[in-house]
6 protein chains.
Amino acid sequence: MIFPILFTFFLLLSSSNAAVQDFCVADFAAPEGPAGFSCKKPASVKVNDFVFSGLGIAGNTSNIIKAAVTPAFAAQFPGVNGLGISIARLDLAVGGVVPFHTHPGASEVLIVAEGTICAGFVASDNTPYLQTLEKGDIMVFPQGLLHFQVNGGEAPALAFASFGSASPGLQILDFALFKNDLATELIAQTTFLDAAQIKKLKGVLGGTN
Amino acid sequence: MIFPILFTFFLLLSSSNAAVQDFCVADFAAPEGPAGFSCKKPASVKVNDFVFSGLGIAGNTSNIIKAAVTPAFAAQFPGVNGLGISIARLDLAVGGVVPFHTHPGASEVLIVAEGTICAGFVASDNTPYLQTLEKGDIMVFPQGLLHFQVNGGEAPALAFASFGSASPGLQILDFALFKNDLATELIAQTTFLDAAQIKKLKGVLGGTN
Amino acid sequence: MIFPILFTFFLLLSSSNAAVQDFCVADFAAPEGPAGFSCKKPASVKVNDFVFSGLGIAGNTSNIIKAAVTPAFAAQFPGVNGLGISIARLDLAVGGVVPFHTHPGASEVLIVAEGTICAGFVASDNTPYLQTLEKGDIMVFPQGLLHFQVNGGEAPALAFASFGSASPGLQILDFALFKNDLATELIAQTTFLDAAQIKKLKGVLGGTN
Amino acid sequence: MIFPILFTFFLLLSSSNAAVQDFCVADFAAPEGPAGFSCKKPASVKVNDFVFSGLGIAGNTSNIIKAAVTPAFAAQFPGVNGLGISIARLDLAVGGVVPFHTHPGASEVLIVAEGTICAGFVASDNTPYLQTLEKGDIMVFPQGLLHFQVNGGEAPALAFASFGSASPGLQILDFALFKNDLATELIAQTTFLDAAQIKKLKGVLGGTN
Amino acid sequence: MIFPILFTFFLLLSSSNAAVQDFCVADFAAPEGPAGFSCKKPASVKVNDFVFSGLGIAGNTSNIIKAAVTPAFAAQFPGVNGLGISIARLDLAVGGVVPFHTHPGASEVLIVAEGTICAGFVASDNTPYLQTLEKGDIMVFPQGLLHFQVNGGEAPALAFASFGSASPGLQILDFALFKNDLATELIAQTTFLDAAQIKKLKGVLGGTN
Amino acid sequence: MIFPILFTFFLLLSSSNAAVQDFCVADFAAPEGPAGFSCKKPASVKVNDFVFSGLGIAGNTSNIIKAAVTPAFAAQFPGVNGLGISIARLDLAVGGVVPFHTHPGASEVLIVAEGTICAGFVASDNTPYLQTLEKGDIMVFPQGLLHFQVNGGEAPALAFASFGSASPGLQILDFALFKNDLATELIAQTTFLDAAQIKKLKGVLGGTN
């Protein structure tokens, strides 16, 4: 008759289990902190918190860059909160481009699932590192450095980007410069670009001033 | 008459002291985040938050494994929250065993306080590292690796396990496999164990399916 | 005539660039430390250090588990060293299984590129989280927890596993228990498995004692 | 007519932007955690959260140490919360002294803006490292080690101290020993100081017992 | 006669002191790793390793941007290696500009020591945060985000920038795009800039292709 | 005939195993870095690297403080290198004292194995937290804060101190102030202690100047 004894053992250990922070599924209704979102109560965690189906659907590339980025960061995929990892889907139509951008909070590994992608990053010493990637190739983009991806082939391309943070961030150079109300003169002064060039891109991207 | 002047100095510095995060005693009523529990308001912190007496009492080893683990993790001992350290008491009756388990969140150092303990871990290359530990000996178990402790002597053994996290976690292999509703067939497929063996252990540990 | 002036500016900043640690491509010939491999000298870094083509080739699944894991961790892909990220390719033939295992050093996000995969992990409180994943679905496995993947369909499956560490580690449960010289009696004592079961699996996997 | 298309692209990416944790401006009304204060809602963040003017005003050095420390830690300067950096202003009148102290949570770099400062720290092997710093000189004080600053010149001195934490902490040796109710006998026992010396300093600093 | 006894005590503790890693002064001749440079042997560490006088000298602003940045990162100031902090001097002549740039590895706090500086950064949601800073004002620039500094007054300006890393990195936007051999067509494709604009800036900054 | 197939599987996985950084046993002959000592080559790692017997032997308390600290930090116990944990033995004869000290690099949990210990720490706001600890009691001392232990009973006391770092450091207040060549006048200026008191303690502890 071992069950009562086992139960004792279980109770002892379960008190420690209560302390275990195996994961911290994001509770978007509670305060966020520097390390990420607050955790859902264990009782309300479900398997769906750890699974995300949004990356199975191609993004809409009918836009000016002929590209779409579909993120599964902590804000979309609560199960990765606090776990130091996230992922995004990248669709590039023929001629598609993900223009120069950075991820302030994480390094990225890109894996090409379909098609051909020409990718590159620029190091702090201004050296460019460029490569044409075929299906199955991977490339790493170190944290915070400017990089881009271009569909280098004649068919649509699909890739997945992994990040070493649940919230890697994404700063798109053109949007940062031209899609807000930064004064044209100030942009000219801090980028050396001509005012006419700046105004042209503001026009395309919706910036003012 | 220096007191007024001192007071000024005190006020200046006390404003910085308010910012000091010397510690973050767990407030179990506030949200938890990836870095641990929220902090109690400084005014309600007491010395008892930093002291824990539960490890002075032997755990009940009248159970199937003849062993008991008494944790002082952040969930039991709020003073360690956020400080990257915790401890547990391990009682092993004669013949007692802490079966194969892992701590997903921290490395462990075990110190033998009484008796003799045979302990071991298995590295990722499948090499086992085994040692018989006498009173005063210590052994380190690297984070996340399978390890066990067995009373190797003819008297009860007592040990303390230190962890490099306030919430190191504890996953007991047999419980993970046999103490839940994982289908016997699925366990067989993913462990190569025979169905009969699985069902036998489910029976002992309370698993179903 | 601005070039001499520009040159001065360049020199000033290039001294700071020398200090920039954008990346730390692994130098396998130099000492390794707790944070990873030593860095190659900047002058010998090439774009190929940041690109890896090995994941474009299907792993050989003609084995007992009908599965193959092809890693691109820091030891294979020197560009990810120190960047907190890595990736692996997972091929599962029909009936293929990646048996229960853990990654002691990182959480994992799995993305299904082809086929159907039934995946699951067990939390510290012994709750199993199981899901059948279709193409494009992703699932996260928190650091250090036991998990598995099984080809749940009638065609080969392909997936990529991302990790939040350049060296996440891999401990396969069956290998840790049965593919070394751990004494059968000791395994029985620390897993509650029957000796006959242990010996059978030692026979299959090449263990002794 | 590209605006509708652009809008689609914008919506796609803006969902990822919502997940970006560029910064975490401190919300002093929400719970604090081990990693810092909770974050203000993005909509209520303003440029003033990232700017602090309090260091432009000289601290009042009309006190016993002829010195003043004005902190811009996370508690005063909410924009640095979670960003691993903070700063303080240090005013030293002629003869001014910042007595031996430690910062438990961060290393410090001091830069002399005006005057001459004699600074020093003591390493764990008891070796003192002392230097007289002129305007523009910098000195680093490693985390947690006892250090001091003395105005070494004949004019007021001004310096800025940078810290590698948003909440570096500040423990002033004399205050820790003599500005509370620690029993004189206990201090004597744990510092080897004479009781008369202890009582004298308690008198000056306002300690009791 | 207590000296022999004391000596015993000293020896006991000094063995622990040997293990203390108070600091890790950079040894530029030994391998570098992901966490920084190797440490100099304790016996060769001197106070000068912790002191740097280079920031006392104004940088040469006789250049196209009328500005100079003088870093005291680990590569210049070996004492900060491994301590998570560094500093730089910023000189801005009248009309001087530090153009848009990022620090991939750390957040920055800028303190204005002389003059008036107009500074700003752009967040991931493209919101600009701009402020005119007077003497004594500080502003924080979160890690990895594009930011700039402009002399906003009619006299030279001096500032010090603190970083939460010993090697924060520095990527200057214009240099990354125009001061290397990236093909004009590729830059046009990934920035939307006109080819003529790109060629003009390549001409100024010394880029080719 | 499954062995050849298994062998293939083993080879595939073993390549990943080579990348696994389960542990990093200290190689004292190779360079040290900010994250700890370099790692021994895997082939030369032995179980003895993970076991340490030095804490089984009582330290010699025949000294002025009637106490002895025996560390098992990374410098003595190479197996903990890089694992974020270490331990020390503390022997206190009747009347023994571990005087005020700090650990700059880690928090500490003390567990009393024999006897009675009066322990305490002082927070940054100068509040003392004191407790008399009986056998089995534990107390946590947050990182970098001044703390002490005194044998509060009439029998020898034994305790073990765990640290959340493999190299927590140890700065003993009296040694830092009085056991070196810091000038008496400078100590007086930066501690407010009387010169006579300083000279007396320099005499006891071996300081000069």
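So that the names make sense, note that chain A is the first sequence line, chain B the second, and so on, each numbered from 1.
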Which answer fits F:F141, side chain, backbone, both or neither, if we ask what part of it has an atom under 4.5 Å from a heavy atom of chain B?
-> neither
Heavy-atom distances under 4.5 Å only: say whether F:E134 touches chain B with side chain, backbone, both or neither.
-> neither
Interchain contact, B:V112 with chain F, by part (heavy-atom threshold 4.5 Å) = neither
Contacting region of F:L145 [heavy-atom separation from chain B under 4.5 Å] = side chain
For F:I87, is it the side chain, the backbone, both or neither that has a heavy atom under 4.5 Å from a heavy atom of chain B?
-> side chain
Applying a strict 4.5 Å limit to non-hydrogen atoms, the region of F:A113 in contact with chain B is neither
F:F160 versus chain B, the contacting section by heavy-atom distance below 4.5 Å = side chain
Side-chain heavy atoms of B:T132 within contact of B:T116, under 4.5 Å = yes
Bottom line for F:L133: the part with an atom under 4.5 Å from chain B's heavy atoms is side chain
Just by distance, do the side chain of F:N81 and the backbone of F:V25 share a donor-acceptor pair under 3.5 Å?
-> no
Residue B:I111 versus chain F: region with a heavy atom under 4.5 Å | side chain
Find out whether F:I172 and F:P99 are in side-chain contact, i.e. whether some heavy atom of one side chain is under 4.5 Å from a heavy atom of the other.
-> yes
F:F148 and F:H101: aromatic ring centres closer than 6.0 Å?
-> no
Non-hydrogen side-chain atoms of F:V51 and B:I138 separated by less than 4.5 Å = no
